[in-house]
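This chain uses plain numbering: 1 for the first residue, then up along the sequence.
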Amino acid sequence: MPQSPLARTVAALQPRARTELAELVAFKSVADPAQFPKSECEAAANWIADTLRADGFQDVALLDTPDGTQSVYGFLPGPAGAPTVLLYAHYDVQPPLDETAWVSPPFELTERDGRWYGRGAADCKGGLIMHLTALRALKEHGGVPVNVKVIVEGSEEQGTGGLERYAEAHPELLTADAIVIGDTGNFRVGLPTVTATLRGMTLVRVQVDTLEGNLHSGQFGGAAPDALAALIRILDSLRAEDGSTTVTGLAADATWDGLQYPEEDFRKDAKILDGVGLLGDGTIADRIWARPAVTVLGIDCPPVVGATPSVQAGARALISLRVPPGTDAAEATKLLVAHLETAAPWGARVAVEQVGQGQAFRADTTSPAYTSMAEALQEAYDGAEMQTSGMGGSIPLCNTLAALYPAAEILLIGLSEPEAQLHAVNESVSPQVLERLSLAEALFLRRYAG
């Protein structure tokens, strides 16, 4: 299909997109000062603010949010009487995990096998670049036809709720007719997809203590209560024999009626080793989009190298619980805490601390904005029809925005797809996906303007 003038402009902007994404990826903007200096996040926020100003945005501001991080805001005025569209992304990223497992440095955007590798390339620094590319292309073809607000969050990955609390305290700031959340993705490369649901989440730390101090395992082992063993028992209680999540009182039997995820494709996408089984029952879509899922994110205990023959006095773990739409995250947190406390063996002392929480979200895919997006995606993807899927991840801000602005239409798109490896080593983005979705967003803004 011959390219339209707008499509040619988006394509011509890709070298600039790559350059800017490389600059943004270079910031080690993990919003946890225990892992990386806070100055890395501050530098990334300032880079975004400077870029927005250079692109003609007004009222650009670094918003100091209650969790100690900064979000970046800017406003680009459109024609008088035009609708207002809020574009969202986040610049904070997950830690790189084991940097030695990366083929190329995690904070150095590297092109390899037709993809761009780097932490945040898809999640979600690339989302900001997508927004900017769409707006720049429109400027070269008659101007941006709507009023645009951009908000770039600084702590989405931590789930600490800074922007949610700021928005609640300043409800006039982000008001819009439509909101495009650029932090999800396509079900598959080449298959245009919007996300209809997001699971909510709760994040807790559980501390288990049994002794005043570690003991010699030869002298006391066999009778002295081992805190690490107690923690293992507690964590094991969170799964049934088939591996499905079992938090006492939490329903785990819902089904997904939309786009399905073939098991063979899932095994390939998840890179599951030969002979290793999947968890749970029901369809793959049921398990990852419609049901709760518990994950042990980390355990504090002695590493194998350097371990001594000791009975452990204390141990702790970080636990994530994803909850589907229809389940209140606060209630799920209460059930999880009660389960952890009740499951403790041998009278072990258990202390649970909530670290983060976000509600699940369900979009209204029948809204006029979704009709405009469906048409835009179909044009950008050479006639391929838009698909609707769920997403197992969480974007806590969505429910805050829905509550603050009940008349606003919220759409979820983004650069993720199975090859992107979000939150894992060797995260990457497909430049073709970035180009197509930048074009789709530009086309959407044109159609939404009427």
Side-chain angles (χ1 to χ4, degrees), residues 85-89 122-124 127 130 156 176-201 251-262 265-266 269 282-293 322-329 332 358-378 380-381 384-403 405-418 420 422 433 436-437 440-441 444 447-448:
V85 178
L86 174 68
L87 305 178
Y88 167 90
D123 185 22
C124 176
M130 174 185 72
E156 191 274 342
D177 299 292
I179 300 169
V180 179
I181 305 291
D183 191 26
T184 59
N186 289 347
F187 182 70
R188 186 80 54 205
V189 171
L191 187 66
T193 312
V194 295
T195 301
T197 64
L198 299 167
R199 285 193 294 197
M201 59 82 69
D253 57 357
T255 58
W256 177 263
D257 296 329
L259 181 69
Q260 292 299 310
Y261 201 154
D265 292 345
F266 179 81
D269 293 339
T283 69
I284 298 297
D286 293 341
R287 286 177 257 183
I288 64 173
W289 297 334
R291 296 178 181 176
R322 303 282 183 169
V323 295
T327 300
D328 179 68
Q359 294 290 352
F361 175 77
R362 187 184 302 275
D364 177 10
T365 57
T366 65
S367 70
Y370 268 90
T371 300
S372 296
M373 182 60 78
E375 294 170 351
L377 283 167
Q378 187 168 23
Y381 277 81
E385 290 189 9
M386 181 185 79
Q387 302 295 314
T388 302
S389 75
M391 180 174 162
S394 308
I395 305 175
L397 182 66
C398 284
N399 282 286
T400 300
L401 295 177
Y405 319 118
E409 303 174 81
I410 301 178
L411 303 96
L412 298 103
I413 61 172
L415 304 178
S416 172
E417 31 76 23
L422 301 193
V433 171
R436 296 257 189 176
L437 282 173
E441 184 164 280
F444 163 74
R447 284 172 166 77
Y448 190 70

State whether the side chain of Ser389 and the backbone N or O of Leu259 hold a donor-acceptor pair below 3.5 Å, judged by distance alone.
no
Contact check, side chains of Trp256 and Tyr261, non-hydrogen atoms, under 4.5 Å
no
Between the side chains of Tyr448 and Asp177, does any donor sit under 3.5 Å from an acceptor?
no
Taking the side chain as C-beta and beyond, is there a heavy-atom pair between Arg188 and Asp269 under 4.5 Å?
yes
Which heavy atom of Pro192 sits nearest a heavy atom of Ala384, and at what distance?
CG-O, 3.7 Å
Would you say the side-chain atoms of Glu409 pair up with the backbone N or O of Ala369, donor to acceptor, closer than 3.5 Å?
yes
Would you say Tyr370 and Leu411 make side-chain contact, with heavy atoms under 4.5 Å?
yes
Drop me the distance from Tyr381's OH to Thr193's OG1, to the nearest 0.5 angstrom.
7.5 Å
Quick check against the 3.5 Å criterion: does Arg436 have a side-chain atom that pairs as donor or acceptor with the backbone of Ala380?
yes
Drop me the distance from Asp286's CG to Gln260's CD, to the nearest 0.5 angstrom.
6.5 Å
Ser394 and side-chain hydrogen bond (donor to acceptor under 3.5 Å, both in side chains): which partner among Glu156, Arg199, Arg322?
Arg322
Below 4.5 Å, heavy atoms only, C-beta onward: do Asp183 and Tyr88 meet side chain to side chain?
yes
Residue pair Cys398 / Ile181, side-chain heavy-atom distance below 4.5 Å:
yes
Can you tell if the side chain of Thr184 reaches within under 4.5 Å of the side chain of Leu198, non-hydrogen atoms only?
yes
Compare all side-chain heavy atoms of Val180 with those of Ile413 and state whether any distance is below 4.5 angstrom.
yes
I'd like to check Tyr405 versus Leu86 (side-chain heavy atoms, cut-off strictly below 4.5 Å). Are they in contact?
no
